[in-house]
Undergrad: 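Attaching a single structure in structure tokens format; questions to follow.
Lettering of chains follows the sequences in order, A, B, ..., and the numbering in each one begins at 1.
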There are 2 protein chains.
Amino acid sequence: MRDDRFCNSNCPFTRAIGTIGNKWKPMIINVLGNRSIRFGQLHAIVPHISRKVLTEQLKELEEDGLLERLAYKELPPRVEYKLSEKGLAFLPILEYIKEWNLKYEVALIPKETDYQYGSKTKDDAPVF
Amino acid sequence: MRDDRFCNSNCPFTRAIGTIGNKWKPMIINVLGNRSIRFGQLHAIVPHISRKVLTEQLKELEEDGLLERLAYKELPPRVEYKLSEKGLAFLPILEYIKEWNLKYEVALIPKETDYQYGSKTKDDAPVF
DNA sequence: ATTTGTGGTTACCTACTAGTAACCAGAACA
DNA sequence: TGTTCTGGTTACTAGTAGGTAACCACAAAT
């Protein structure tokens, strides 16, 4: 998921993109916000992600110092994830992206299927 | 390359990530900056990208209103790409990412190969 | 007559991403 | 006794991203 060629570049921007330049990581960071969230909740909130991919992404985010993993020695197990200082510092950037999208996004023509069974939102991401 | 499930979400952030949430698009936007650049130059500057993928990404960026394509009716052909207002508005976000990375990035242990032949930069992205 | 330059497009193939389903521990509860 | 709960891991598989190489038009230069 990380792009090693990008991560080994001597351009700091290229390295940053190599680290967080995919769709899952910004989503996860955004969902985390400044909360502490358990694995199961994360899986329920992040749209369309499988447990396997979520595990992988969380592992990479931890390796890159964006979040902290806190595992309680209980049964059944409990693991909480929260952003590190580095991860928290990334949140404002996500806010700018939201604002940018709201301001410039071209209006979408909704598909007919979006209305076929009334207002279905089950497949949609919650709005934070 | 775009993620349709993300793009059809009713969360503006999710839609934004569905549109520009990969590694190529931020790179291309960053390389474009506020210049007007030809396809060949773009291909030479954006690190590691193939002509095929560059074509695809540029097409999507144009469809999403982030850039403008100006084709001159000459032979050999000449095509220039430049950011639209929407694309230009995205540049500050990339600046924040650069700053964020410089501030928080964990120091990498350089590989020996990085030094083997002196300061080689041919595989690296230019620093803007 | 042939080569060069430009901005693609296309077919083909490989390598990786990501989904699915099964499985695990071990305590609590019915 | 069996089921449930949690946070994974693993093996297998489908789908797709992306690389490579060949090809195109046609003018100008060699």
Undergrad: CG of D3(A) versus P of dC16(C): gap in Å, rounded?
TA: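 Rounded to the whole Å, the gap is 11 Å.
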Undergrad: Not counting sequence neighbours, list each pair that qualifies as a salt bridge (Lys or Arg N to Asp or Glu O under 4.0 Å) and has a residue in residues 18-29 of chain B.
TA: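 Residue pairs with at least one partner in residues 18-29 of chain B: D3(A)-K23(B), K25(B)-E60(B).
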Undergrad: Can you tell me which residue pairs pass the salt bridge (Lys or Arg N to Asp or Glu O under 4.0 Å) test with a partner in residues 81-92 of chain B, sequence neighbours excluded?
TA: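 Sorted result for residues 81-92 of chain B: E68(B)-K82(B).
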Undergrad: Could you tell me, to 10°, how much the axis swings from one end of the helix from dA1(C)-dT30(D) to dA30(C)-dT1(D) to the other, five pairs per end?
TA: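 Here the local axes at opposite ends form an angle of 20°.
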Undergrad: How long is the line joining CG of L70(B) and C1' of dG7(C), in whole Å?
TA: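 L70(B) atom CG is separated from dG7(C) atom C1' by 14 Å.
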Undergrad: Can you name the residues that form a side-chain hydrogen bond (donor to acceptor under 3.5 Å, both in side chains) with T55(A), not counting sequence neighbours?
TA: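 By the side-chain hydrogen bond (donor to acceptor under 3.5 Å, both in side chains) rule, T55(A) matches no residue at all.
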Undergrad: If a protein heavy atom is under 4.0 Å from the base, mark B; if only from the sugar-phosphate, S; if neither, -; do that for nucleotides 7-22 of chain D going 5' to 3'.
TA: BBS-------SBBB--
Undergrad: If the condition is side-chain hydrogen bond (donor to acceptor under 3.5 Å, both in side chains), which residues does E63(B) pass it with, not counting sequence neighbours?
TA: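 Expected list: R2(B).
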Undergrad: Start with the C-alpha distance between E95(B) and K98(B), add both sets of side-chain angles, then the distance that settles salt bridge (Lys or Arg N to Asp or Glu O under 4.0 Å), and finish with yes or no.
TA: CA-CA 5 Å; E95(B) 288 302 318; K98(B) 278 176 227 180; 2.8 Å; yes
Undergrad: E56(B): which residues meet the side-chain contact (heavy atoms from CB on, under 4.5 Å) condition with it, sequence neighbours left out?
TA: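 Testing E56(B) for side-chain contact (heavy atoms from CB on, under 4.5 Å), a comparison that skips the adjacent residues, returns K52(B), V53(B).
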Undergrad: Please list, chain by chain and in numerical order, all residues satisfying ring-ring contact (aromatic ring centres under 6.0 Å, His included) with F90(A), sequence neighbours excluded.
TA: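 For F90(A), the residues satisfying ring-ring contact (aromatic ring centres under 6.0 Å, His included) (neighbours in sequence not counted) are W100(B).
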Undergrad: Atom CD of E74(B) to atom P of dG5(C): distance rounded to whole Å?
TA: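 After rounding, the gap between these two atoms is 17 Å.
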Undergrad: Show every ring-ring contact (aromatic ring centres under 6.0 Å, His included) that has at least one partner inside residues 11-36 of chain B, sequence neighbours left out.
TA: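 Every pair satisfying ring-ring contact (aromatic ring centres under 6.0 Å, His included) with a residue in residues 11-36 of chain B: F6(A)-W24(B).
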